[in-house]
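Since the structure comes first, as structure tokens, the remarks are kept for the end.
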Amino acid sequence: MLPIRRLAPLVFALALGACATPEAVPPVGKGPTAMVAAANPMAVDAGVKVLQAGGSAADAAVAVQAVLGLVEPQSSGLGGGAFMTYYDAATRAVTAYNGREMAPAGATPEMFLDAAGKPLPRRDAILSGRSTGAPGAIAMLAMVQHDHGKLAWKDLFGDAERLAGDGFPVPQRMAGAAANPRVYQAATPDALAYLAKPDGTKVQAGDIVKNPAYADSVRRIAAEGPDGLLKGPLAEAIVAKVHAEPLPGTLTMQDLAAYRPQASPALCRPYRIYVVCVPPPPSGGSAVLEGLGLLEHTDIAAHGPGDPQGWYLFSQASRLMYADRDLYVGDPDFAQVPTEGMLDRTYLAERAKLIGPVAGPAPAAGAPKGAPKRAPDATVEPGGTSHFVIVDKAGDVVSMTTTVEAPFGSGRMAGGFFLNNQLTDFSFTPRKAGGALAANAVEPRKRPRSSMAPAIVLDRKGRFVAALGSPGGPAIIAYNLKALVGVLDWKLPIQEAVALPNMIAIGNFYAAESEKFEPAVVEGLAAKGVKLVPAQGAEGSGLHGVAATPQGLQGAVDPRREGAAKGF
Ligand code: DON
């Protein structure tokens, strides 16, 4: 048995210097004081209903996830995992919840290598039974709801059950993913049985689809809690799917029953007049904090989004941050992760000096205190994820990123939902010949590294300022960093910050929505050695957020997706 961390939430101590700091934002005034921002309006409505019935943000999160799993099956669901950052307005404590999938006891560092020791083709690995970890989203939500819920758990699944049983209009993005020839998970026998019509064509946006198996699953989970998923007939159905050919996995009933979510104090660091909180590793949150910690040593606030220098600083901090996280971050229950070292102010001040007047070659990882010797990372992360933010009338805040990993996960279904392929988030190559293990190598009962980084920003008095997050695989860290810089440095309304063009700077590669940048910015960047490469992946953000303003809460939805933000 692994040690299970279940720490009482601690109030984040603001030991941040004695000088009087300006207040970040006035307290919320007129306008909405409760809000749900999520990637699909049906999920938003389910969350708003729960809040209006007197439920807390934790209660609404359960309802939102239950509907998202139905109407965004390509992104998240009952078979997936999640990270959540939770702000308790009464105590001003920020807690991180870890619902990351866990590798089975039978997993090995070599399980994604073929007989000749070469990494399996990604497609084969994703569609295999080996890619599925014990799902954690529902168990994590049950823990959060136990800690912060006001309504009965069993009453939070009504919308999901009704939409699954009576039918729901297929959203554009679900139809798009189902019809996308590059989404090979949508062509598996299970996916075709669900997503194809009798004539063989895929479901279209607006078609009414029923999913009675999903209705049964949520009924069971509503009645039994996470045991309804991790034990009994649903667990048996999951295990049977994982053990099916090709490339069966080892997941057992014991692995499912042994799954435990984790709670810990969030990882919080000051950023200028704010405090930014994220989950600790294996989440991508520490990388977002490192990016901010590097930018704190620059004058990015003086160079707004129309100024190439602002984006230049952003790009250089990004690649320094990615170099460290790629080498060092893995599951801290297994790998020594130098989180404190990477966020140490002296380390960051030194590392920020590597940001010169023009972009040099790709930066190497630094040597933060506590850094072990590491094999180079060989993790590849593609796409299928969702982010939502909920603020309730008491001022409690949920910021949750939730995922089945790739679109439609492994393409295998049980109980009306897709199984995750989260274990392909491990590094396929565990070590160099005879060398040290990669931080993110597969190990039994280990959780794969994630880029998901649900953030909550407070002022120095511990009052809520903003919450946001995004899907996007490794680009999540860049998307979140961009939106945080937009709100905190460039003082943009959160909607504008979310809509800013995306740029993902890793190594020598500057992927970007280049056509969205002003030509002067593109040219100015090129003159500094930053050549933007138009990249489809750069459009993969799904940023959703909420910010406190003098006019009340303001929601933000990524214009690249089909989400909504509703407040009251
Ligand atoms: O945890 C992670 O970092 C990935 N499994 C997330 C994948 C993702 O965001 C895909 N998004 N579109």
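We count ligands from 1, going down the list as the structure has it; atoms in each ligand are counted the same way. Just the heavy atoms: all of them, side chains too, but no hydrogens, waters or symmetry mates, feed the values below. Please read these numbers as outputs of a predicted model, since none were measured by experiment.
Within the listing of ligand 1, atoms 1 (O), 2 (C), 3 (O), 4 (C), 5 (N) sit less than 4.0 angstrom from a heavy atom of D425. The contact set between ligand 1 and T385, taken as ligand atoms under 4.0 Å from a residue heavy atom, comprises 6 (C), 7 (C), 8 (C), 9 (O), 10 (C), 11 (N). Residue G472 approaches ligand 1 through these ligand atoms, each under 4.0 Å from one of its heavy atoms: 8 (C), 9 (O), 10 (C), 11 (N), 12 (N). Atoms of ligand 1 lying under 4.0 Å from any heavy atom of S451, numbered from 1 in the order shown and given with element: 1 (O), 2 (C), 3 (O). Those atoms of ligand 1 with a heavy atom of I476 less than 4.0 angstrom away are 9 (O).
R100 and Q422 share a side-chain donor-acceptor pair at under 3.5 Å.
Judged as a side-chain hydrogen bond (donor to acceptor under 3.5 Å, both in side chains), and not counting sequence neighbours, the contacts of T252 are Q254, D255.
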Would you mind writing out the side-chain donor-acceptor pairs for residues 80-87 within the sub-3.5 Å range, not counting sequence neighbours?
| from | atom 1 | to | atom 2 | distance (Å) |
| --- | --- | --- | --- | --- |
| T85 | OG1 | P454 | O | 2.7 |
| Y86 | OH | D396 | OD2 | 3.0 |
| Y87 | OH | G462 | O | 2.6 |

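In Q422, the part holding a heavy atom less than 4.0 Å from any atom of ligand 1 is the side chain. Contacts between Q74 and ligand 1 below 4.0 angstrom, taking non-hydrogen atoms only, are absent altogether.
Annotation for E110: atom CD counts as buried by contact number, over 12 foreign heavy atoms lying within 6.0 Å.
Using a 4.0 Å heavy-atom cutoff, R100 is listed among the residues neighbouring ligand 1.
Using cut-offs of 30° and 60° on the angle between ring planes, the pair W311 and F517 is perpendicular.
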Stepwise, does the side-chain hydrogen bond (donor to acceptor under 3.5 Å, both in side chains) test hold for D147 with Y97? CA-CA 11 Å; D147 289 353; Y97 290 94; 2.8 Å; yes
